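Below you'll find the structure, written out as structure tokens, and then a few comments.
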Amino acid sequence: MICIPVTASSNEGAIDEMKEAAKFADIVELRIDYINSPDLESLLKERTKPVIVTNRARRQGGMYSGDESARIGLLKEAISLGAEYIDIEHDAVNEIGDAGSTKLIASYHNFDETPDNLLDIHSDLVKLGAHMVKLITFAKKITDNFRIFELLCGSGFPTISFCMGELGQISRILSPKFGGKLVFASLAKGKESAPGQLTIDELVNVYRIGEVDKDTKVFGLLGNPVAHSRGAYIHNGAFKEKGINAVYVLFKVDDQELVGFMEYVRKGYVNGLSVTIPHKESVIKFLHNIDPIAKKIGAVNTVVNQDGKLSGCNTDCPAAVDALDETLQKIAGSSMEELNEPICGKSVLIIGAGGSARAIAFGLNEKGANITIANRTETRGEMLAKEVGCRCIGYNELNDIEIDVLVNTTSVGMHPNVEGSPISDSVLKKGMVVFDIIYNPPKTKLLQMAEEKGGVVLGGIEMFVRQAALQFELFTDQEAPLELMRITVSG
Ligand code: NAP
């Protein structure tokens, strides 16, 4: 069930917000601690959905700063007016007395951490004899969320539980899977009643919260940072299109937490992962199987969990090769020879020698391309060239070689430094195919320069969509809705 807190500071504002919230929420939380002189009778008369009346004291992170007996008095008034629920702090439950038909939610909030003794706190809350308990903590690390999920799985009592804060957002999305009774969403950005609260639009339209249940499979992006990612939009949109009971979330995991996080993945809390910086290499040690090309590349961007056995592969590689292949096929037109293997024999210059350069170099090498690598740090470029079995040149030699296809795998030209180009325009020639794997912006400075010189350009969006589509197929065993994914990324 979804609850939207009303956080207006006036009675009129709260009534308006209640009406708006009632369009989306199963329950509306009336935060009377936000209202100056709340008129409970009018407020409750105007409700169209069940309400939770909350009058949170400052000591529990709320706005109420007045006298404690007056605070409890307002809650008692809400009971006498027939409010469906009141939220009462665990240390004040005994002051409520007879609640009549109103149901009590005994709550505990910790704005600093997710303490070690979660089970003790929960069992103390249950002993208070309320109808439901609410245990809300602050996530300082990603694994705090999974401790909440463990608690929910074994709670045996109607419990609302999740973590606050940016790192806790996944628990706001996933708690219904593990039996959490209520999730909270703000009416709009800026209307949050707690840190990390997602908007109702995000919860419903991106994460399809109404459909998250115990059978929902969990996928997500493992990386740091992850907030910029379009992954949740692409994958959740594709799950919806295909009618698949799955949700895709963002797992922000730093290096120190990878071991703990991967342990929860192995235990089955997560069914599959997209992997990005900085974990594409470090995740390998947690895998039971790795496909041969990912092993050669030394980087994994996809993990699938089958009954605790983790398999890794690299979809960046086939995505880049396929995107380039298609562009070359279009150029080749009717030439049957080129249509079969358009990359074979082409002189390809790869700028860069990082993770994606490795994936692309090995992939194009398999297809018979004649590869040259140029990298800012020449020793790194030379090392990759040696592994692939191709040559490496310095930036000062770029004008001296024949190039059919140029691939930029550096981050030069990426948002926000959109005026940057990894090479000067003297390298670009008419008819040259220029593939820039950067997808933000869709058309980089390099691609603009290449077009001006009469080149054929390919942006990074096509690779990005294809690597996500291949992941989708590995996650679900179903064909990816490629066109929808393309529209989602571009939009
Ligand atoms: P990475 O492993 O960190 O490698 C970065 C590469 O860029 C290195 O070769 C580095 O050279 C070079 N570089 C960085 N700054 C430079 C500068 N100022 N001048 C010259 N060279 C510079 O990164 P990655 O994972 O390969 O990602 C690189 C880019 O590809 C990013 O923009 C990323 O968004 C994009 N990408 C796109 C897709 C897609 O699906 N379209 C997939 C993956 C990545 P040094 O060795 O000298 O440091």
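Nothing fancy with the numbering, it's 1 onward along the sequence. Note that ligands are numbered from 1 as they come in the structure, with each ligand's atoms numbered from 1 the same way. What you see is a predicted model, and the numbers here were worked out from it, not measured in a lab.
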Less than 4.0 Å between atom 3 (O) of ligand 1 and some protein heavy atom, yes or no? no
Relative to ligand 1, is Ile437 under 4.0 angstrom through side chain, backbone, both or neither, heavy atoms considered? both
Option whose closest heavy atom lies nearest to atom 27 (O) of ligand 1, chosen from Ala320, Ala353, Ala299, Ser356: Ser356
Location of contacts on Met414 toward ligand 1, heavy atoms closer than 4.0 Å: side chain
Tell me which one of Arg376, His415, His228, Arg380 gets a heavy atom nearest to atom 18 (N) of ligand 1. Arg376
Sub-4.0 Å atoms of ligand 1 with respect to non-hydrogen atoms of Gly352: 9 (O)
When you look for heavy atoms under 4.0 Å from ligand 1, do you find them on the side chain of Phe464, its backbone, both, or neither? both
Proximal ligand 1 atoms for Ser411, defined as those under 4.0 Å from one of its heavy atoms: 7 (O), 14 (C), 15 (N), 32 (O)
Taking Ile423's backbone N and O only, do any of them form a donor-acceptor pair with Ser421's side chain (distance below 3.5 Å, no angle check)? yes
Report the part of Thr409 (side chain from C-beta onward, or backbone N, CA, C, O) that has a heavy atom under 4.0 Å from ligand 1; answer both or neither where that applies. backbone
Close aromatic pair by centroid cut-off 6.0 Å: Tyr264 and Phe149: no
Which atom names give the shortest non-hydrogen contact between Ile234 and Ala468, and what distance separates them? CG2-CB, 4.2 Å
Classify the contact between Thr377 and ligand 1 as side chain, backbone, both or neither, using a heavy-atom distance cut-off of under 4.0 Å. both
Side chain or backbone, does Asp316 bring an N or O within less than 3.5 Å of an N or O on ligand 1? no
So Glu211 and Lys240, salt bridge (Lys or Arg N to Asp or Glu O under 4.0 Å) or not? Walk me through it. CA-CA 10 Å; Glu211 285 157 56; Lys240 181 179 177 194; over 6 Å; no
For Pro422 and ligand 1, answer yes if some heavy atom of the residue is under 4.0 Å from a ligand atom, otherwise no. no
Atoms in ligand 1 flagged as close to Met463, the criterion being non-hydrogen separation under 4.0 Å: 38 (C), 39 (C), 40 (O), 41 (N), 42 (C)
Atom 19 (N) of ligand 1 sits nearest the protein heavy atom Val412 CG2, 3.4 Å
For ligand 1, does Thr410 get within less than 4.0 Å through its side chain, its backbone, both, or neither, judged by non-hydrogen atoms? both
Nearest non-hydrogen protein atom to atom 11 (O) of ligand 1, with distance, is Asn375 OD1, 3.3 Å
Would you name the heavy atoms of Leu328 and Pro342 that are closest together and state the gap between them? CB-CB, 3.6 Å
Atom 25 (O) of ligand 1 [closest protein heavy-atom partner, distance rounded to 0.1 Å]: Ile277 CD1, 3.9 Å
Less than 6.0 angstrom separating the ring centers of Phe239 and Tyr248, yes or no? no
I want to know if ligand 1 touches Gln467 in the polar sense, i.e. an N/O pair below 3.5 angstrom. no
Is the closest side-chain donor-acceptor distance between Thr54 and Arg31 under 3.5 Å? no
The single option from Arg147, Lys140, Lys141 that satisfies side-chain hydrogen bond (donor to acceptor under 3.5 Å, both in side chains) with Asp144 is Arg147
What atoms of ligand 1 come within less than 4.0 Å of a heavy atom belonging to Gly460? 41 (N)
Any atoms of ligand 1 less than 4.0 Å from a non-hydrogen atom of Ile438? List them with their elements. 32 (O)
When you measure from the side chain of Glu257 to the backbone N and O of Ile142, does any donor-acceptor pair fall under 3.5 Å? yes
Is it true that Lys267 and Glu263 make a salt bridge, defined as a side-chain N closer than 4.0 Å to a carboxylate O? no
Got a salt bridge between Glu281 and Arg358, using NZ or NE/NH1/NH2 to carboxylate O under 4.0 Å? no
Any side-chain donor paired with an acceptor under 3.5 Å for Gln197 and Ser186? no
